[in-house]
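The structure appears below as structure tokens.
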Amino acid sequence: ALALRAMPPGPRLTVIVGQVGREPALLDALMALPAHVVYAVLPDSPGAGVAAQRLETQGRELLVHLPMAADEASAPAPGAVTLGAPPEAAAARMAQLIEALPAAVGVAPLGGARVSASRRHMVALLEVLRDEGRCWLDGDDGAASLAAPAAKALGVRLAPVTHRLGAPGDDLPTRLKAIEAALVLEGRAVVLAEPSPEVLVALRRWLGGLTGRGIALLRLSEIAL
């Protein structure tokens with residue numbers, strides 16, 4: 001795929017829909033998105049198994065969502081990676097989630113500012129990905145995040161999120177116009193979208209006209225470096 005589709009002319013867009021499996025009723029809307037949209041699946045969520053199976057059957061690209069402690073003020077989600085556990089335990093937890101979704105090409109952290117600031121924890125996590133040839137979606141959890149330098153040092157492919165879509169209060173048409181403007185100006189964008197009905201409808205309409213606007217939609221595995 002890299003040889004055939006690498007560096008197409010014009011702007012390049014990657015879209016990841018996060019938290020797949022949490023709302024099973026949205027599965028049909030998720031599958032109605034274009035073929036090169038990527039899906040980050042929460043392995044422990046109620047609809048994860050069915051969603052992953054149907055998406056994989058259609059040849060969709062999947063990521064494992066890894067819950068991680070966000071900050072000191074927030075209680076971690078059940079099963080989340082925290083600084084209270086040793087790095088080896090964090091790596092084992094991530095390996096367990098990947099085992100539940102073996103088709104995944106990489107890992108997308110969910111939260112994670114506290115953990116991503118720990119070099120020992122990030123190295124332990126990224127070593128698992130390096131050994132298995134998977135990539136890391138860098139959510140840019142703040143200036144203290146060590147994900148990018150650790151990935152570079154270990155030779156793990158990484159792609160940074162440049163835009164988020166679907167936060168509470170988002171004006172979706174305005175956000176999509178801003179993303180398209182960034183595509184024109186910077187030539188690339190990696191969008192992490194929340195899976196709400198409104199976001200999925202807006203995404204489907206917007207993505208449907210990409211080709212006519214000269215924008216290439218690429219999977220994460222094609223743009224992670």
*Tell me, with the steps shown, if L176 and L165 meet side-chain contact (heavy atoms from CB on, under 4.5 Å).*
CA-CA 8 Å; L176 291 170; L165 184 68; 3.9 Å; yes

*Looking at side-chain heavy atoms only, is the closest gap between V38 and V17 below 4.5 Å?*
no

*Do V161 and L137 come close enough that some side-chain heavy atom pair is under 4.5 Å?*
yes

*Note: E186-R188 ion pair, threshold 4.0 Å (strictly below)*: no

_Pair D138-S145, side-chain contact (heavy atoms from CB on, under 4.5 Å): steps then yes or no_ = CA-CA 9 Å; D138 186 11; S145 175; 4.2 Å; yes

_Starting from I223, can I reach V184 by hopping between I/L/V/M/F/W/Y residues whose side chains sit under 4.5 Å apart?_
no

*asked:* Please find the pair of heavy atoms, one from V81 and one from A90, that lie closest to each other, and give the distance.
replied: CG1-CB, 3.5 Å

*To the nearest 0.5 Å, how far apart are CG in L83 and CZ in R120?*
10.0 Å

*For residues R60 and P34, report the shortest heavy-atom separation together with the two atoms involved.*
NH1-O, 3.4 Å

*By the rule that ILVMFWY residues connect when side-chain heavy atoms come within less than 4.5 angstrom, directly or transitively, which residues belong alongside L110?*
L42

*W206 and I179: side-chain contact (heavy atoms from CB on, under 4.5 Å), yes or no, with the steps?*
CA-CA 11 Å; W206 183 62; I179 293 169; 3.7 Å; yes

*Just by modelled atom types, is the G155 backbone N or O under 3.5 Å from a matching donor or acceptor in the R130 side chain?*
no

_Tell me whether R93 is salt-bridged to D44, with the criterion being a basic N under 4.0 Å from an acidic carboxylate O._
yes

*Distance-minimising heavy-atom pair for M68 and P109*: SD-CB, 3.4 Å

_I want to check something: taking the side chain as every heavy atom from C-beta on, are H163 and R175 in contact at a cut-off of under 4.5 Å?_
yes

_CA sep, side-chain torsions, deciding dist, call: V107, V128, side-chain contact (heavy atoms from CB on, under 4.5 Å)_ = CA-CA 10 Å; V107 169; V128 174; over 6 Å; no

*Could you tell me whether the side chain of R164 and the main chain of G139 form a donor-acceptor pair under 3.5 Å?*
yes

_How close do L62 and A52 get, counting heavy atoms only, and between which atoms?_
CD1-O, 3.9 Å

*Between S45 (side chain) and G21 (backbone), is there a donor-acceptor pair under 3.5 Å?*
yes

*Residue pair P43 / A100: nearest heavy atoms and the distance that separates them*: CB-CB, 4.4 Å

*Contact check, side chains of V41 and V64, non-hydrogen atoms, under 4.5 Å*: no

*Are any non-hydrogen side-chain atoms of L158 and C135 less than 4.5 angstrom apart?*
no

*Are P87 and V123 close enough that some pair of their side-chain heavy atoms sits under 4.5 Å apart?*
no

*asked:* To the closest 0.5 Å, what do you measure between NE2 (H121) and CG (L126)?
replied: 12.5 Å

*Any donor-acceptor N/O pair, H65 side chain to Q19 backbone, under 3.5 Å*: yes

*Do Y39 and L63 have side chains that get closer than 4.5 Å, going by heavy atoms?*
no

*State the CE-CH2 distance between M94 and W136, to the nearest 0.5 angstrom.*
6.0 Å

*To the nearest 0.5 Å, tell me how far L154 CG sits from D131 CG.*
9.5 Å

_Neighbour count above 12 (heavy atom, 6.0 Å) for E132 CD_ = yes

*Which heavy atom of A193 sits nearest a heavy atom of L203, and at what distance?*
CB-CD1, 3.9 Å

*Check whether any side-chain heavy atom of L183 sits under 4.5 Å from a side-chain heavy atom of L13, and report yes or no.*
yes

*Can you run down the salt bridge (charged side-chain N to carboxylate O under 4.0 Å, His left out) pairs that involve residues 199-215, sequence neighbours left out, and say none if there aren't any?*
E180-R213

_Flag, side chain of E222 to backbone of R219, donor-acceptor distance under 3.5 Å_ = yes

*Presence of salt bridge, D28 and R54, under 4.0 angstrom*: yes

_So, taking the atom named CG in L220 and the one named OG1 in T14, what distance separates them when rounded to the nearest 0.5 Å?_
6.5 Å

*Rounded distance [0.5 Å steps], CZ in R134 versus OG in S221*: 12.5 Å

*If two hydrophobic side chains count as joined below 4.5 Å and joins carry through other members, does V201 share a cluster with M31?*
no

